[in-house]
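First comes the structure, then the notes that go with it.
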Amino acid sequence: MKILCVMGARPNFVKVAALYRAFAKCPEFSVKLVHTGQHHDDAMYRVFLTQLGLPDPDYSLSIHGGSHTAQTARIMLAFENVLASESPDMVIVVGDVNSSLACALVAAKEGVPLVHVEAGLRSGDKSMPEEINRILIDQMSGELFVSEELGVSNLRSEGIGPDNIHFVGNVMIDSLVYCREKASELSVTTQLGLRKNAYIVMTMHRPSNVDSSEDLMLLVALIEAVCKLRPVVFPIHPRTKSNLIDKGIWHRLETIEGLHLLPPQGYLEFINLTSNAELVITDSGGVQEETTFFGVPCITFRNSTERPSTVGEGTNRLVGGLNVANAMHIISEVINGEKKPTSLPALWDGFASDRIVQIIKKKYLK
Ligand code: UDP
C-alpha cells in the first residue's frame with residue numbers, strides 16, 4: 001500500500017517522524033514523504049530530520065512565505081502534480097497548518113483516501129487560522145485519529161460517523177517518549193549557566209501575540225518583569241524575531257538582564273530545556289502537551305486551547321492575551337505555590353502511531 005505523508009512546519013516533523021517509524025515496521029506499507037517547504041531552513045526543518053531520524057523527503061515542494069491564500073494555493077498546485085505522478089492509495093496529513101489543509105483538499109478532490117492525524121481538536125476560536133484548517137480537514141477526511149478524548153465528541157457533534165473516528169492517543173508524545181533519553185544526556189542547561197528547576201522557558205509566535213507593535217511592547221514588558229524573578233530562556237521563533245526587528249523593538253530585548261535570547265532550538269535541546277524548567281510560558285500548541293507529559297507547569301497566553309486535557313488533567317493554565325499584571329500574579333503563584341496535582345491524558349503513552357498503523361492495516365489491507 002502506497003502512502004503519501006505530508007509535512008510542512010516544525011510541529012509536523014515531530015508528528016510525522018513517529019508515524020514514519022511505526023509504518024517502517026510493516027513491510028506492507030511504502031511511505032513517501034512530501035515536504036511542502038512551509039518551514040525550510042536548518043533551525044526549523046533540517047535539524048528535525050536529523051534528530052528524529054527522518055530521511056530526506058521524496059518530494060520537496062519548496063513553497064514558503066506569501067499570504068495564507070497564496071501559500072495554500074501554491075501548495076495545492078504543486079501537490080496535485082505529486083498525486084498525479086504517484087497515484088497513492090492514501091494521503092496522511094497531520095495537525096493544522098496550511099500545508100495540511102492544502103494537501104487534504106487536493107486529496108479529497110482527487111478521491112484519494114484521506115487520513116487526518118490529530119483530528120477533532122477545537123479551540124472554538126475561528127480567528128485562529130489553525131482552527132479553520134482543523135474543521136475543514138476533518139470534514140474531508142475518511143479516517144480521523146484523535147489525540148485526546150474530547151476530540152471524539154467534537155467530531156461527533158460535527159456529524160462525523162463513529163466508524164471513522166479512532167481515539168488512539170498522541171503521536172507528538174510518541175516522539176517525546178522516543179527522544180527523551182537522548183535529550184536528557186545533553187547539557188544545555190549547564191552550558192547556559194543555569195540550574196535545573198530554577199529557570200523559565202518561553203516560546204511565543206502566534207499572530208494574536210506577536211503581530212502588533214502593542215502586543216510586542218507588552219511581550220517585552222512581560223519578559224522584563226519575569227526576568228526579575230528567574231532567568232528566562234527564550235528560543236525565538238523567526239516570525240516573532242522578524243516582527244520585533246521590523247517594528248524597531250528588537251534592541252530592547254538585547255539589554256534585558258537574565259534573558260537568554262536563543263535561536264530556535266533543535267528538538268532534543270528544546271525538550272532538554274523544557275523538561276528541566278521550573279515553568280514554561282508559551283502560546284504553542286505542542287508545548288502545552290509536552291509540558292503536561294513532563295509534569296512541568298505551563299502558562300499559556302491564549303484565551304482558549306484546542307488541547308483542553310492539558311488544563312483539565314495536565315499542568316497547563318490559560319491566562320488570556322498579554323496582560324502583564326495578571327500574568328505576573330499567576331506566574332508568582334505558580335512559582336511560590338503548591339504544584340497542582342496532575343495526570344497524563346489517556347493513551348499518551350508512546351504507542352499512538354502503532355495503533356494508527358494497526359487500524360489502517362485492518363481496514364485497508366484485508
Ligand atoms: N520546538 C523545538 N524548538 C524550539 C521550540 C519548539 O524543537 O525552539 C518544538 C517543540 O518541542 C514542539 C514543537 O516544536 O515539539 C512545537 O512547535 P511550534 O510551537 O512551532 O508549533 P505549534 O505546536 O504551536 O503548532
Side-chain angles (χ1 to χ4, degrees), residues 7-19 38-52 54 64 93-101 117-118 121 123 125 128-134 137 147-148 170-180 182-184 186 188 192 200-210 232-241 260-277 280-294 296 298 300-302 304-307 310 316 318 348 350 352:
M7 52 190 191
R10 177 165 70 183
N12 294 168
F13 311 134
V14 180
K15 294 164 200 169
V16 166
L19 290 168
Q38 220 183 310
H39 285 158
H40 54 96
D41 64 11
D42 285 350
M44 299 294 283
Y45 166 53
R46 277 269 150 218
V47 66
F48 290 86
L49 295 196
T50 313
Q51 294 189 342
L52 289 156
L54 275 173
H64 44 263
V93 300
V94 299
D96 53 21
V97 299
N98 289 340
S99 299
S100 314
L101 173 65
V117 173
E118 204 181 81
L121 296 183
S123 67
D125 174 5
M128 282 182 81
E130 296 90 342
E131 181 75 354
I132 295 169
N133 294 349
R134 289 178 198 122
I137 297 168
S147 56
E148 58 178 271
N170 192 331
V171 296
M172 197 141 204
I173 301 303
D174 292 1
S175 275
L176 205 59
V177 168
Y178 181 75
C179 289
R180 68 178 158 179
K182 223 181 200 175
S184 72
L186 302 178
V188 190
L192 290 170
I200 294 172
V201 172
M202 175 181 275
T203 80
M204 210 61 78
H205 69 281
R206 296 247 105 74
S208 55
N209 285 329
V210 305
V232 173
V233 182
F234 186 15
I236 194 155
H237 193 283
R239 113 181 232 110
T240 309
K241 181 171 183 179
H260 298 261
L261 204 48
L262 304 181
Q265 294 293 288
Y267 181 64
L268 297 177
E269 288 79 5
F270 187 72
I271 61 178
N272 179 284
L273 278 168
T274 50
S275 60
N276 289 312
V280 174
I281 296 175
T282 194
D283 61 5
S284 158
V287 173
Q288 293 173 58
E289 297 181 335
E290 290 166 349
T291 45
T292 275
F293 183 83
F294 286 131
V296 170
C298 177
T300 300
F301 279 81
R302 285 174 42 186
S304 56
T305 180
E306 64 288 341
R307 293 158 159 94
T310 61
N316 194 14
L318 295 183
W348 288 22

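Everything quoted here is computed from the prediction, not taken from an experiment. For ligands, and for the atoms within them, numbers begin at 1 and follow the listed sequence.
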Taking the inter-plane angle between the rings of Tyr267 and Phe48 on a 0 to 90° scale, is it parallel (under 30°), tilted (30 to 60°) or perpendicular (over 60°)? tilted
Looking only at atom types and distance, does a side-chain atom of Thr310 sit under 3.5 Å from a main-chain N or O of Thr292, one as donor and one as acceptor? no
Taking distance alone, with no angle check, do Ile271 and ligand 1 share an N/O pair under 3.5 Å? no
Mode of Pro235 contact toward ligand 1 - side chain, backbone, both, neither (heavy atoms, under 4.0 Å): side chain
Does any part of the side chain of Glu148, heavy atoms only, come nearer than 4.5 Å to the side chain of Trp348, both counted from C-beta? yes
Could you list the atoms of ligand 1 found under 4.0 angstrom from a heavy atom of Pro264? 8 (O)
Is there a heavy atom of Met172 sitting under 4.0 angstrom from any atom of ligand 1? yes
Between atom CG of Asn272 and atom OG1 of Thr274, what is the distance when rounded to the nearest 0.5 Å? 8.0 Å
Side chains of Leu49 and Met7: closer than 4.5 Å at any heavy-atom pair? yes
Below 4.0 angstrom from a heavy atom of Phe48, which ligand 1 atoms are there? Numbered from 1 as shown, please. 2 (C), 7 (O)
Test item, Gly266 contacting ligand 1 (heavy atom, 4.0 angstrom): yes
When only distance counts, is Glu290 in polar contact with ligand 1, meaning an N/O pair under 3.5 Å? yes
Any idea which atoms of ligand 1 are less than 4.0 Å away from a heavy-atom of Val14? 15 (O)
What atoms of ligand 1 come closer than 4.0 angstrom to any heavy atom of Gln265? 2 (C), 3 (N), 4 (C), 7 (O), 8 (O)
Where does Arg206 meet ligand 1, judged by heavy-atom distances below 4.0 Å: at the side chain, the backbone, both, or neither? side chain
Can you tell me which residue and heavy atom of the protein come closest to atom 23 (O) of ligand 1, and the distance to 0.1 Å? Gly286 N, 2.7 Å
Does any N or O atom in Ser284 lie less than 3.5 angstrom from one in ligand 1, N or O only? yes
Side chain, backbone, both or neither: His205 near ligand 1, heavy atoms under 4.0 Å: side chain
State, yes or no, whether a side-chain contact exists between Met128 and Asn133 at a heavy-atom distance under 4.5 Å. no
Minimum heavy-atom separation for Arg134 to Leu121, with atom names? CD-O, 3.0 Å
Nearest heavy-atom pair of Asn170 and Ala352: which atoms, and what distance? N-CB, 3.4 Å
Looking at Ala9, Ala183, Pro11, the heavy atom closest to atom 21 (O) of ligand 1 belongs to Pro11
Show the atoms of ligand 1 that are less than 4.0 angstrom away from any heavy atom in Gly285. 22 (P), 23 (O), 24 (O)
Kindly confirm or rule out an N or O of Arg10 lying under 3.5 angstrom from an N or O of ligand 1. yes
Shortest non-hydrogen contact from Thr203 to Phe270? CG2-CZ, 3.5 Å
What part of Phe270, side chain, backbone, both or neither, has a heavy atom within less than 4.0 angstrom of ligand 1? side chain
Correct closest heavy-atom pair for Val287 and Thr291 would be O-OG1, 2.8 Å
When you check the side-chain N and O atoms of Gln288 and Thr305, is any donor under 3.5 Å from an acceptor? yes
